[in-house]
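Report on the structure given below.
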Amino acid sequence: AQSVTQLDSQVPVFEEAPVELRCNYSSSVSVYLFWYVQYPNQGLQLLLKYLSGSTLVKGINGFEAEFNKSQTSFHLRKPSVHISDTAEYFCAVSGTDSWGKLQFGAGTQVVVTP
Amino acid sequence: DAEITQSPRHKITETGRQVTLACHQTWNHNNMFWYRQDLGHGLRLIHYSYGVQDTNKGEVSDGYSVSRSNTEDLPLTLESAASSQTSVYFCASSGNGQQFFGPGTRLTVL
């Protein structure tokens with residue numbers, strides 16, 4: 001079984017400033033890792049995923065994340081945020097033996113202000 | 001284009017009634033999932049299926065059931081709706097390295 005902890009429930013950030021959203025996981029098996037974004041009153045959109053290979057993963061909208069196996073982390077970063085990045089962000093994990101069966105974190109609300 | 005749809009998008013029902021939420025995908029994915037989203041909990045897995053006639057319980061399966069009679073559909077049934085089941089429900093399908101979520105159904109149980 002897997003579990004995910006998103007260390008910040010809310011992150012306020014100024015426009016054009018960098019942001020980092022922290023995610024730690026635990027698992028007894030190898031994992032796939034994901035970040036999703038949810039805009040108000042909308043569904044989930046995949047930002048990026050780590051399946052294998054390079055530990056630095058680049059996604060849509062200028063986001064990137066780094067898989068750190070020794071620290072069991074998958075932190076999400078963006079060097080310069082826009083107002084339109086205001087949304088809720090979810091980290092998720094699945095075992096490599098159970099593709100698609102996701103365990104989600106509780107979410108991090110990002111609020112970007114001018 | 002292939003897609004995953006949910007219906008209805010909004011539903012209000014009364015305590016004790018049976019409710020069925022539909023999920024239909026045209027990706028031809030074998031794997032399908034139902035999650036519920038509640039504030040402070042993220043998304044939690046209710047039931048999932050890895051193929052026709054296969055169903056499995058997730059983390060929060062009490063009070064819910066699913067059936068899988070074909071590849072495209074995984075309906076979620078609330079046998080006797082309770083106020084604690086007021087939530088937003090998301091269906092998802094996955095296969096061939098892809099995963100997609102439906103738009104969600106907002107269910108209110110009064």
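Reckoned from all heavy atoms, side chains included, excluding hydrogens, waters and symmetry mates. Per chain, numbering begins at 1; letters A, B, ... match sequence-line order.
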Neighbours of chain A found in residues 68-94 of chain B - heavy atoms under 4.5 Å: B:Phe90, B:Ser94
Under 4.5 Å to a heavy atom of chain A? For B:Phe100 that would be neither
With a 4.5 Å cut-off on side-chain heavy-atom distances among I, L, V, M, F, W and Y, is there a chain of contacts connecting A:Leu44 to B:Ile4? no
Quick one: list whatever passes side chain to side chain contact (heavy atoms under 4.5 Å, CB included) with A:Thr72, sequence neighbours left out. A:Asn24, A:Tyr25
Region of A:Leu102 that comes under 4.5 Å of a non-hydrogen atom in chain B: both
Answer with yes or no whether the hydrophobic clustering places B:Leu21 together with B:Tyr35; edges join I, L, V, M, F, W, Y residues whose side-chain heavy atoms lie under 4.5 Å apart. no
Please determine, among A:Gly107, A:Ala106, A:Ser98, A:Gly43, the option with the most heavy-atom pairs under 4.5 Å with chain B. A:Ala106
Does A:Val37 share a hydrophobic cluster with A:Ile60, counting links as ILVMFWY side-chain heavy atoms below 4.5 Å and allowing steps through other members? yes
Below 4.5 Å from any heavy atom of chain B, which atoms of A:Gln38 appear? Answer side chain, backbone, both or neither. side chain
For A:Asp97, look at atom CG and say whether over 12 heavy atoms of other residues, nucleotides or ligands are found less than 6.0 Å away. yes
Would the number of heavy atoms belonging to other residues, nucleotides or ligands and lying under 6.0 Å from CG of A:Leu51 be above 12? yes
I'd like to know if B:Phe101 and A:Phe34 are part of one continuous hydrophobic network [Ile/Leu/Val/Met/Phe/Trp/Tyr, side-chain heavy atoms within less than 4.5 Å]. yes
Under 6.0 Å from the CZ atom of A:Arg77, do we count more than 12 heavy atoms belonging to anything else shown? yes
Of all residues at least two apart in sequence or in a different chain, which pass the side chain to side chain contact (heavy atoms under 4.5 Å, CB included) check with A:Cys23? A:Val4, A:Trp35, A:Cys91
Can you tell which part of A:Tyr36 gets under 4.5 Å to a heavy atom of chain B, answering side chain, backbone, both or neither? side chain
Could you walk me through whether B:Asn31 and A:Lys101 pass the side-chain contact (heavy atoms from CB on, under 4.5 Å) test, one step at a time? CA-CA 9 Å; B:Asn31 304 341; A:Lys101 183 183 171 189; over 6 Å; no
Which residues in residues 37-59 of chain B have any heavy atom closer than 4.5 Å to a heavy atom of chain A? B:Gln37, B:Gly40, B:His41, B:Gly42, B:Leu43, B:Leu45, B:Tyr48, B:Tyr50, B:Glu59
Between A:Leu21 and A:Leu48, is there a shared hydrophobic cluster once you connect ILVMFWY residues whose side-chain heavy atoms come closer than 4.5 Å? yes
Identify which part of A:Gln42 has an atom lying under 4.5 Å from any heavy atom of chain B, answering side chain, backbone, both or neither. backbone
Residues, nucleotides or ligands: over 12 heavy atoms within 6.0 Å of A:Phe14 CZ: no
